[in-house]
K.L.:
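Would you mind keeping the following structure in view while I ask a few things?
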Protein chains: 4
Amino acid sequence: MEYIAKEAGIGKGTIYEYFASKERLFEEMLKFCMEEFCLGLKKAMDQGETIAEKLQYCSHYNAEYLIDHMDIVEIAMQVNLLNEELRVHFLAGQAAIRAHYMAMVKEAKVKAELRVDLDDELATFCIIGALDEFCKQRVFIDQRPLAEIDHRGIVDMILRGLKY
Amino acid sequence: MEYIAKEAGIGKGTIYEYFASKERLFEEMLKFCMEEFCLGLKKAMDQGETIAEKLQYCSHYNAEYLIDHMDIVEIAMQVNLLNEELRVHFLAGQAAIRAHYMAMVKEAKVKAELRVDLDDELATFCIIGALDEFCKQRVFIDQRPLAEIDHRGIVDMILRGLKY
Amino acid sequence: MEYIAKEAGIGKGTIYEYFASKERLFEEMLKFCMEEFCLGLKKAMDQGETIAEKLQYCSHYNAEYLIDHMDIVEIAMQVNLLNEELRVHFLAGQAAIRAHYMAMVKEAKVKAELRVDLDDELATFCIIGALDEFCKQRVFIDQRPLAEIDHRGIVDMILRGLKY
Amino acid sequence: MEYIAKEAGIGKGTIYEYFASKERLFEEMLKFCMEEFCLGLKKAMDQGETIAEKLQYCSHYNAEYLIDHMDIVEIAMQVNLLNEELRVHFLAGQAAIRAHYMAMVKEAKVKAELRVDLDDELATFCIIGALDEFCKQRVFIDQRPLAEIDHRGIVDMILRGLKY
DNA sequence: TATGAATGAGGTTTCATTCAT
DNA sequence: TATGAATGAAACCTCATTCAT
């Protein structure tokens with residue numbers, strides 16, 4: 001808390017004027033970030049016309065957010081270790097994100113961009129998982145700057161699949 | 001440390017006969033777990049004949065491991081917040097896992113099970129990401145028991161892709 | 001201080017316009033209460049004609065004050081733990097109370113209501129101690145309402161003594 | 001807590017090996033002191049043959065205890081301000097003391113040392129109150145050393161009463 | 001070698017006080 | 001004059017680590 005106060009340029013006690021405890025501060029931060037990310041993702045998604053475009057915008061947004069908020073994402077990852085209330089917030093956020101992707105999948109099926117026999121949920125897992133894994137590698141491990149990340153390939157592969 | 005000692009049925013001080021610090025204990029545990037997971041994954045993979053079979057075994061192994069070691073996986077997730085040395089171990093473990101999957105992809109291309117024009121790395125992201133996301137949902141959120149998790153669907157979707 | 005300000009319906013900072021510190025506020029409050037109690041006690045005492053009547057009025061006043069100011073009395077009790085200056089005020093107040101009782105004793109000796117060989121100080125201890133102990137029990141522990149407290153018995157016993 | 005640890009010649013954390021919290025430490029101390037006082041009072045009481053002797057021993061013990069444990073008594077007085085659990089312990093201790101005195105009164109009535117028409121409870125109030133008030137004055141205010149305190153007078157007055 | 005009582009740095013939280021408005 | 005947001009010293013408590021046995 002002392003460190004956070006110093007970073008914020010305020011006194012240690014001032015934090016407690018706005019957050020009842022360290023845990024509540026965490027909770028609010030998490031809620032804020034998840035909402036922010038969720039809104040941003042929706043916006044990114046809506047910039048695309050076709051599903052391929054949408055996914056590329058999503059991938060780009062993923063990478064951008066991860067680069068800008070690397071520390072927060074790392075903290076959010078440990079949230080499972082915190083109390084039950086925080087976990088609930090976190091899972092709710094993840095559910096919201098999944099819902100956006102799933103809506104996109106359904107719409108794409110209607111527009112005949114995706115196979116109509118797809119299981120919506122499984123398709124959503126493929127999309128989120130592949131994009132996240134790609135993003136994690138490019139940003140965390142390769143530490144590549146945003147401009148150098150090419151999203152077309154991963155999106156293409158998700159859509160076309162791997163089979164011969 | 002006291003809790004760990006009690007669980008291990010030894011004295012608190014005895015831990016320090018074997019590990020210099022809590023951090024080192026963490027490190028060893030992480031190393032051990034990643035190696036164990038890695039070996040198990042390889043074994044699971046090798047049980048399958050075709051790439052589809054292999055991936056189903058991998059997905060099953062993923063779920064099994066997560067169920068049995070839920071607490072360790074959660075701790076591993078927070079590893080990013082620990083010191084640099086631990087992070088290195090963690091990333092090395094992830095790299096090893098990725099290598100296994102990539103070798104599998106390459107072999108499948110040789111056997112003409114996968115498209116030969118695939119980018120190996122991107123294909124690996126799709127596979128790992130989708131399997132992980134699927135497993136996370138089924139185990140963490142749906143809290144479904146191992147026997148009730150159906151892996152065929154997710155594997156089929158990864159291989160066939162989503163496009164119409 | 002925040003709580004006090006809220007109860008008083010003023011801002012927290014406003015208290016400091018009237019009292020230099022929490023300690024001073026305490027001091028003033030204590031002084032005020034002791035003076036108020038002292039005056040009230042004198043008045044009660046003077047309502048009685050005989051010593052027996054006087055003591056009954058005192059006992060009634062004791063109980064009344066304790067019921068109405070239970071919280072303040074509790075705070076006053078902790079005053080010993082506060083700084084030397086407060087202690088002085090407190091002791092001065094007690095001395096004043098004692099003085100009232102002792103004057104009453106002396107007057108009663110003159111009027112031949114009390115034995116003339118009495119040590120004034122010791123008689124005062126008997127009176128104050130017995131009345132206080134009685135009051136403490138009836139109000140704090142028995143939690144009896146004012147109207148139900150019978151003062152005659154205790155006064156009679158003080159005056160007549162215990163011996164066969 | 002730091003101060004207590006220092007006084008005890010141990011580390012701050014060591015206290016917490018023996019007491020779960022500051023409040024529990026308080027509680028144990030209070031319980032210990034009340035029991036100690038109670039036992040000592042009973043012993044003192046039993047040293048006397050007649051009621052007058054018993055009361056003189058009690059008065060002496062009161063003064064002795066107050067001199068030796070002045071700080072603890074002051075802390076115990078503020079106990080009303082602490083939590084409910086502590087208050088219960090405190091009141092239980094006071095009740096035990098009262099019980100000892102009341103038993104003494106009853107016995108003295110049987111032995112025809114005290115008037116048989118006495119109300120036991122009221123007599124107990126007279127005794128405890130007068131002895132406490134006397135002790136408080138001599139020790140706290142007069143600050144007289146133990147040897148110089150004369151207990152005969154107060155006891156005599158309690159027994160004989162004040163009336164002409 | 002194994003132990004756990006003792007330690008104290010460091011963490012969270014409170015609250016009397018200040019001061020800009 | 002009145003305010004209450006900001007402050008930080010100081011309080012309580014935890015827990016990784018040590019060391020005498």
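A note on names: the letters A, B, ... follow the listed sequences, proteins ahead of strands, and every chain is numbered from 1. Any value given below was found using the heavy atoms of this structure, including those in side chains, with hydrogens, waters and symmetry copies removed.
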K.L.:
Return the value, rounded to whole Å, for the distance between atom CE of B/M1 and atom P of F/dT14.
P.N.:
19 Å

K.L.:
Output the rounded distance in Å from CZ (A/F26) to C1' (E/dT12).
P.N.:
14 Å

K.L.:
How close or far is atom C1' of E/dT12 from atom OH of A/Y3, stated in whole angstroms?
P.N.:
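Spelled out: OH on A/Y3 to C1' on E/dT12 is 18 Å.
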
K.L.:
Decide if the gap between the ring center of B/F19 and the ring center of B/F26 is smaller than 6.0 angstrom.
P.N.:
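No.
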
K.L.:
In whole angstrom, what separates A/I15's CD1 from E/dC15's C1'?
P.N.:
16 Å

K.L.:
Other residues, nucleotides and ligands only: do more than 12 of their heavy atoms fall within 6.0 Å of CD on B/E2?
P.N.:
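Count not over threshold, so no.
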
K.L.:
Could you please name the partner base of F/dA9, counting Watson-Crick and G-U wobble pairs only when both distances are under 3.5 Å?
P.N.:
E/dT14

K.L.:
Please work out which of the three classes, parallel, tilted or perpendicular, describes the rings of D/Y65 and D/H69, given edges at 30° and 60°.
P.N.:
parallel

K.L.:
Starting at CG of D/L25 and ending at P of F/dA11, how long is that distance when rounded to a whole Å?
P.N.:
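Rounded to the whole Å, the gap is 15 Å.
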
K.L.:
How far does CG of D/N62 sit from CD1 of D/I128, to the nearest 0.5 angstrom?
P.N.:
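So the gap between those two atoms works out to 9.5 Å.
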
K.L.:
For A/G13 and C/G11, take the nucleotide of DNA chain F holding the closest heavy atom to each; which residue's nucleotide lies nearer the 5' end?
P.N.:
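On the 5' side of the pair lies C/G11.
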
K.L.:
Atom CD of D/E2 and atom P of F/dA9: how far apart are they, to the nearest Å?
P.N.:
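The answer, rounded to whole Å, is 15 Å.
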
K.L.:
What is the distance from CD of C/E23 to P of E/dC15, rounded to the nearest Å?
P.N.:
16 Å

K.L.:
Compare side-chain N and O positions of B/K22 against OP1 and OP2 of F/dA16 and report whether any pair is under 4.0 Å apart.
P.N.:
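Yes, within the criterion.
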
K.L.:
If you compare all heavy atoms of C/R144 against all heavy atoms of C/I67, which two are closest, and at what distance to 0.1 Å?
P.N.:
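Closest approach of C/R144 to C/I67, heavy atoms only: O-CD1, 4.3 Å.
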
K.L.:
Can you tell me the Watson-Crick or wobble partner of E/dG4, both distances under 3.5 angstrom?
P.N.:
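Partner of E/dG4: F/dC19.
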
K.L.:
Mapping C/Y18 and C/K12 onto DNA chain F by nearest heavy atom, which one lands closer to the 5' end?
P.N.:
C/Y18

K.L.:
Identify, between D/I10 and B/I10, the residue whose nearest nucleotide on DNA chain E lies closer to the 5' end.
P.N.:
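Per heavy-atom nearest nucleotide, the more 5' residue is B/I10.
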
K.L.:
Out of F/dC12, E/dT7, F/dA2, which has the shortest distance to the side chain of C/E17?
P.N.:
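Closest of the options to the side chain of C/E17: F/dA2.
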
K.L.:
Round to a whole Å and report the spacing from OH of B/Y16 to P of F/dA20.
P.N.:
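Those two atoms, OH and P, are 17 Å apart.
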
K.L.:
Just call it for B/F19: base, sugar-phosphate, or nothing, with non-hydrogen atoms closer than 4.0 Å on any strand.
P.N.:
nothing

K.L.:
Check whether any side-chain nitrogen or oxygen of A/T14 sits under 4.0 Å from OP1 or OP2 of F/dA5, and answer yes or no.
P.N.:
no

